[in-house]
Amino acid sequence: MSEKIYHPLEVWFVTGSQHLYGPEALKQVADDARQVAAALDAAPQIPANVVFRPIVTTPDEIRNVCIETNSAPNCIGIIAWMHTFSPARMWIAGLTQLAKPLVQLHTQYGRDIPWDSIDMDFMNLHQTAHGGREFGFIGARLRIAHKVVIGHWQDAETLAELDVWMRAAAARHDAQGAKFARFGDNMREVAVTEGDKVSAQIQFGYAVNGYGLGDLVAHVNAAGDRQIDVLIEEYESAYTVAEPLTTGGSMRSSLRDAAAIEIGLRSFLSEGGFKGFTTTFENLHGLKQLPGLAPQRLMADGYGFGAEGDWKTAALLRAMKVMAKGLDGGTSFMEDYTYHFHPDGMKVLGAHMLEICPSIAAGKPSLEIHPLGIGGKADPVRLVFNAPAGPGLNASMIDLGDRFRLLVNTVDTVVPDAPLPKLPVARALWVPHPDFKTAIAAWILAGGAHHTGFSQSLTVQHLQDYAEMVGVEFLLIGEQSTLADLKKELRWNDLYYHVTGLRGW
Ligand code: MN
């Protein structure tokens with residue numbers, strides 16, 4: 001069996017039961033549970049290792065496994081299954097201590113009712129139907145948000161739902177103790193990219209710290225000629241290189257500068273153990289050009305990135321990159337830039353000054369150099385490409401002062417109506433759901449940022465599971481959304497969060 005995408009991360013499979021039906025029934029429960037856990041572990045759709053844990057039948061056993069979960073460094077969450085009936089007061093001591101995500105697998109060992117042979121022994125063993133409700137009650141009573149996956153454990157849909165949940169749990173896990181570096185502060189006077197770093201660290205687990213440009217410049221200046229040569233060879237094999245950047249071209253030295261910036265950024269980030277970073281065009285002291293190519297390529301390697309000091313988007317993008325690991329399609333930093341208001345088909349042109357991840361490129365990116373009107377530095381090198389047509393979504397994390405809100409809008413990515421020969425940046429063109437006008441109005445009323453994480457890999461469910469795990473508000477603008485409902489949801493959510501306060505895992 002090939003290694004799991006998230007190896008060595010693991011999910012613990014915990015089965016609840018009781019002693020009511022004697023040791024023989026318990027042995028059967030343990031055998032069945034072991035088989036289900038092994039099947040999940042062996043399923044190629046399941047991205048993390050699934051570890052069978054001995055069945056739990058007492059409050060102490062349940063409390064112990066929950067405490068062990070919390071301190072197991074590779075454990076990202078628990079799958080709980082009530083094969084028989086596990087009186088749920090036994091779970092109170094454990095669940096109130098559990099600090100990692102929980103999914104209730106509401107499945108049954110035997111898929112079908114054996115019409116000819118079913119007797120009371122079969123009924124007593126197969127009690128998920130009501131045993132799972134007992135477990136659900138204590139979750140509701142304790143106000144513990146958890147995911148419930150319903151279906152037979154061999155069914156592809158069940159596995160797909162567990163896959164999504166595990167991806168979200170892996171992203172949550174990845175953020176615990178994660179570090180993000182900021183070069184320069186926020187773009188001056190911009191509101192939505194601001195936020196409370198202390199609240200974010202409490203809520204998500206990651207730390208954001210600022211570094212002087214001089215610290216980065218020292219790494220950039222340390223890039224050797226040979227290192228730069230090797231990296232440029234890599235560029236030449238991966239991209240179509242524009243004439244001025246080729247050997248002997250008029251801007252060749254700018255390409256060498258861009259390569260040095262990439263080498264310096266990589267060295268800074270790996271030396272410091274960072275999972276993402278931000279830059280800003282207002283603070284480039286000591287850098288010859290605004291980093292463009294470097295953030296593009298670092299994003300493609302899984303780093304989170306936010307422009308103009310946007311650390312919330314950098315961290316969200318990193319989480320989305322972790323969730324999307326191994327899936328088809330790309331995930332990028334994005335900004336809704338310009339509209340096409342034509343009555344025959346309104347759409348949004350998404351792009352940024354430079355920094356769009358080539359994981360969303362349709363075809364071979366073009367490596368180009370063009371002037372940049374702001375920042376006051378030399379012309380920056382960047383990759384230019386289109387995103388392919390197909391379903392996608394934009395996600396934005398905003399700080400409302402008393403809480404974070406994760407806003408998601410599903411979109412159809414479309415091909416441009418015509419080539420864009422003079423547009424010197426990578427771009428994606430999309431039609432948002434449910435329709436252009438409703439989506440844009442809803443996004444604006446919900447306070448969504450201009451910066452987003454754009455993904456053609458993830459679904460709404462990935463982000464919803466993630467939001468529930470980290471305890472933030474989740475708001476969807478999707479195919480079924482109406483403006484009237486969304487306005488109500490905004491008001492109700494304000495009330496809900498005001499009354500309940502924040503509740504993370
Ligand atoms: Mn921007």
Side-chain angles (χ1 to χ4, degrees), residues 180-195 197 200 208 210 213 261 265 276-284 287 289-300 303-321 330-339 348-360 370-377 379-385 387 392-399 405-409 411 420 423-430 432 440 443-444 446-455:
F180 290 84
R182 298 181 84 211
F183 301 112
D185 197 359
N186 230 47
M187 179 178 165
R188 282 185 265 288
E189 307 285 7
V190 173
V192 76
T193 50
E194 288 284 2
K197 299 191 205 74
V208 181
L213 260 290
I261 291 174
L265 256 171
F277 64 105
T278 69
T279 58
T280 173
F281 63 87
E282 285 180 324
N283 194 342
L284 296 170
L287 291 177
Q289 49 182 272
L290 173 64
L293 177 62
Q296 289 185 296
R297 287 171 47 83
L298 286 159
M299 272 189 269
Y303 283 97
F305 172 77
E308 290 99 46
D310 188 351
W311 53 270
K312 293 197 304 298
T313 301
L316 175 63
L317 184 66
R318 166 67 184 190
M320 292 171 75
K321 290 273 184 190
T331 298
S332 176
F333 176 72
M334 187 57 73
E335 181 168 311
D336 53 336
Y337 225 105
T338 301
Y339 292 142
V348 183
L349 177 65
H352 205 256
M353 281 185 292
L354 305 168
E355 313 92 333
I356 299 297
C357 177
S359 66
I360 62 165
H370 303 276
L372 187 71
I374 52 179
K377 290 283 175 174
D379 299 351
V381 176
R382 80 291 302 272
L383 295 170
V384 180
F385 51 84
L393 56 79
N394 276 300
S396 166
M397 187 74 77
I398 59 167
D399 183 347
R405 167 181 291 160
L406 180 58
L407 182 64
V408 174
N409 181 207
V411 305
L420 302 146
L423 186 65
V425 290
R427 60 273 181 163
L429 197 72
W430 65 78
I440 306 299
W443 188 275
I444 288 172
H450 51 284
H451 286 168
T452 62
F454 170 82
S455 181

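For reference, positions follow the sequence shown, starting with 1. Numbering of ligands and ligand atoms starts at 1, following listing order.
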Proximal protein heteroatoms (N, O or S) of the Mn ion (ligand 1), under 2.8 Å: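 Listed by chain and number, the nearby protein N, O or S atoms are E308 OE1, E335 OE1, H352 NE2, H451 NE2.
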
Euclidean distance, M334 CE relative to S396 OG, rounded to 0.5 Å: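 S396 atom OG to M334 atom CE measures 13.5 Å (nearest 0.5 Å).
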
Restricting to side chain to side chain contact (heavy atoms under 4.5 Å, CB included), what partner residues turn up for V192, sequence neighbours left out?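 Applying side chain to side chain contact (heavy atoms under 4.5 Å, CB included) to V192 gives I398, A449, H450.
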
Heavy-atom pair of closest approach, residues P424 and R382: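 The answer is O-NH1, 2.8 Å.
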
Between F277 and F305, ring centroids under 6.0 Å: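 Between F305 and F277, which both carry aromatic rings, the centre distance is below 6.0 Å.
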
Test salt bridge (charged side-chain N to carboxylate O under 4.0 Å, His left out) applied to R427 - qualifying residues, sequence neighbours left out: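 If we apply the salt bridge (charged side-chain N to carboxylate O under 4.0 Å, His left out) test to R427, skipping adjacent residues, there are no hits.
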
With sequence neighbours excluded, what pairs up with E308 under the side chain to side chain donor-acceptor pair (under 3.5 Å) test?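 Partners of E308 under the side chain to side chain donor-acceptor pair (under 3.5 Å) test: H352, H451.
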
